[in-house]
Amino acid sequence: MKQNSMPELPEVQTVINTLEKQIKNKTIEDIKVFYPKIIDNAEPDYFVNSLKGESFREFKRRGKFLIFYLDNYILVTHLRMEGKFFVENLPLITKHTHLEFDLSGGKYLLYHDVRKFGRMYIYKIDEEIECIKKLGLEPFDERLDVSYLKEHFNNKTVKENLLDQSIIAGIGNIYANEILYYASVHPEREFSSLTDEELTKIIEGSRTILKRAIELGGTTIHSFQSAKGIDGRFQLECKVQNKEGSICDRCGSTVKKIRVAGRGTYYCPGCQK
DNA sequence: TTTTTTTCCTGACAGC
DNA sequence: TGCTGTCAGGAAAAAA
């Protein structure tokens, strides 16, 4: 069984919380860029020269983006599939280490990403953060309700709509599967066919599941962060994700795996209608 | 303009 | 053993 670790909203929240504890107010003394393509919206020289001398002041999350407010700049990171941050006392560089931030106090912030899918963005402190501009509502935003979903849904499947960051920000493949199981909705249902009751369940499920995952992340990260770094490998106890062939504990049917919009989709054919 | 397909990456794994 | 091919996937670019 393959290890799924792509960071979604709960993992990103835990990463930003953990980094805040570890590097708040530390100053960037130097940066080494080993793989420039990680930096999306600037030349490496500009990135390095701008951030040198800056200190990490505030730590935020928007969707799956990590947002670091420094003195004069904002550093934004998307971990995509396998991006990880390590805070170390030594610059432990491997072939998958793409950026090294040398921090005050003898600490090193290392960005590690096997598949090199992650991206970093730099903005001036008073500039609009372009890469998060199109994101939809946060799952916990009070404005997220049935009428908001009805306004924004399109004719694609409910799964695709849940993954659409411009509608709700922060839900990825794993949690989309779990949320639809929670709501007893088949992932291939047309979004526009959902009843108010089902939409309500989806919103409720999103909040319940993501909240629980954040709580779990907060507790589990503590035990391994010093040894393993800060990544997204703590995960909610899943009901369907990676459970193909196992028995649904709600109805006793066998969990199936299909593909929806090119993504592995697990669901229970017995209770997800 | 809108929708679909391709691209980016590497490691794990299957099959020969 | 070692090679080749396929798959995993978030999001944006490229193509249709």
Side-chain angles (χ1 to χ4, degrees), chain A residues 1-13 15-16 33-42 44 61-67 76-86 93-99 110-123 129-139 152-180 187-188 190-192 206 210 213 228-229 231-233 235-236 238 240-245 255-267:
Chain A
M1 185 69 62
K2 205 163 184 178
Q3 173 76 30
N4 267 294
S5 66
M6 62 217 86
E8 302 185 27
L9 186 156
E11 289 77 22
V12 174
Q13 186 65 57
V15 170
I16 199 78
V33 180
F34 303 110
Y35 187 76
K37 283 177 79 174
I38 296 290
I39 305 166
D40 188 278
N41 73 337
R61 178 195 58 74
R62 178 78 172 93
K64 301 179 206 168
F65 289 85
L66 300 140
I67 308 178
V76 183
T77 301
H78 195 305
L79 302 171
R80 292 285 186 94
M81 306 301 297
E82 299 191 27
K84 299 172 175 63
F85 279 109
F86 297 85
I93 307 303
T94 73
K95 65 172 172 173
H96 299 306
T97 310
H98 308 312
L99 283 103
L110 305 168
Y111 180 73
H112 183 282
D113 190 343
V114 170
R115 274 187 248 186
K116 300 178 175 171
F117 273 14
R119 290 292 177 266
M120 295 206 186
Y121 308 81
I122 180 173
Y123 300 96
I129 305 174
E130 217 271 329
C131 64
I132 63 169
K133 209 168 67 178
K134 289 182 200 150
L135 294 179
L137 292 180
E138 290 288 321
H152 287 82
F153 65 43
N154 55 46
N155 59 1
K156 292 178 182 165
T157 63
V158 58
K159 172 92 186 264
E160 285 170 276
N161 277 277
L162 272 184
L163 292 174
D164 186 335
Q165 301 299 300
S166 72
I167 302 175
I168 306 176
I171 297 172
N173 193 43
I174 295 172
Y175 290 113
N177 291 337
E178 294 298 320
I179 289 164
L180 290 171
E188 286 180 304
E190 284 228 354
F191 202 35
S192 51
S206 303
L210 297 174
K228 290 285 206 173
D231 62 23
R233 287 188 297 115
Q235 210 111 73
L236 189 73
C238 291
V240 288
Q241 180 67 29
N242 277 338
K243 298 261 192 224
E244 185 182 18
V255 173
K256 275 186 74 175
K257 181 183 184 182
I258 55 173
R259 292 189 75 75
V260 179
R263 291 181 180 89
T265 300
Y266 299 84
Y267 76 105

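A note on names: the letters A, B, ... follow the listed sequences, proteins ahead of strands, and every chain is numbered from 1.
- Here A:Glu138 pairs with A:Arg61 in a salt bridge; the nearest charged N to carboxylate O distance falls below 4.0 Å.
- Of the side-chain N and O atoms in A:Arg80, none sit less than 4.0 angstrom from OP1 or OP2 of B:dC9.
- The side chain of A:Arg263 lies closest to C:dG9, out of C:dG9, B:dT10, C:dA8.
- Of the possible polar contacts, one joining the A:Arg259 side chain to the A:Gly262 backbone as a donor-acceptor pair under 3.5 Å is found.
- Side-chain rings of A:His98 and A:Phe34 stay apart, their centers remaining 6.0 Å or farther from each other.
- Across the protein-nucleic acid pair, A:Ile258 atom CD1 and C:dA8 atom P stand 13 Å apart, rounded to whole Å.
- If you check every strand for non-hydrogen atoms under 4.0 Å, A:Lys95 touches sugar and phosphate atoms only.
- Here the P atom of nucleotide C:dT6 and the CZ atom of A:Arg259 are 14 Å apart, to the nearest Å.
- Under the Watson-Crick and G-U wobble criteria, each requiring two contacts below 3.5 Å, nucleotide B:dG15 is paired to C:dC3.
- Residue-level contact check: A:Asn173 touches the backbone only, with heavy atoms under 4.0 Å from sugar-phosphate atoms and none from bases.
- The CG-C1' distance, from A:Leu162 to C:dG10, rounds to 15 Å in whole Å.
- Atom-to-atom, CG of A:Asp113 to P of C:dA8 comes out at 19 Å; the value is rounded to the nearest Å.
- The base of B:dG11 does not come close enough to the side chain of A:Arg115 for any donor and acceptor atom to sit less than 3.5 Å apart.
- Across the protein-nucleic acid pair, A:Lys156 atom NZ and B:dT4 atom P stand 7 Å apart, rounded to whole Å.
- If you measure from atom CE of A:Met6 to atom P of B:dC8, you get 21 Å, rounded to the nearest angstrom.
- In this structure, A:Asn173 contributes its side chain and A:Gly264 its backbone to a donor-acceptor pair below 3.5 Å.
- Within the 4.0 Å cut-off from OP1 or OP2 of C:dA11, at least one side-chain nitrogen or oxygen of A:Gln165 is found.
- For the pair A:Lys37 and B:dC8, the criterion of a side-chain N or O lying under 4.0 Å from OP1 or OP2 is not met.
- Remark: P of C:dG10 and CD1 of A:Ile171 are 12 Å apart, rounded to the nearest angstrom.
- Stacking is found between A:Phe117 and the pyrimidine-like six-membered ring of the C:dG9 base under the 5.5 Å centre-distance and 30° plane-angle cut-offs.
- For B:dT10, neither phosphate oxygen OP1 nor OP2 lies less than 4.0 angstrom from any side-chain nitrogen or oxygen of A:His96.
- The side chain of A:Lys116 lies closest to B:dT10, out of B:dT10, C:dG10, C:dA8.
- Remark: aromatic rings of A:His112 and A:Phe86 are close, center separation under 6.0 Å.
- Between the CD atom of A:Glu82 and the C1' atom of B:dC9 there is a distance of 9 Å, rounded to whole Å.
- In this structure, the nucleotide among B:dC9, C:dG10, B:dG11 sitting nearest to the side chain of A:Tyr35 is B:dC9.
- Residues A:Lys116 and A:Tyr35 have side chains in contact (heavy-atom distance under 4.5 Å, counting atoms from C-beta outward).
- Residue contacts shown for A:Gly172 are absent, as no nucleic acid heavy atom lies under 4.0 Å away.
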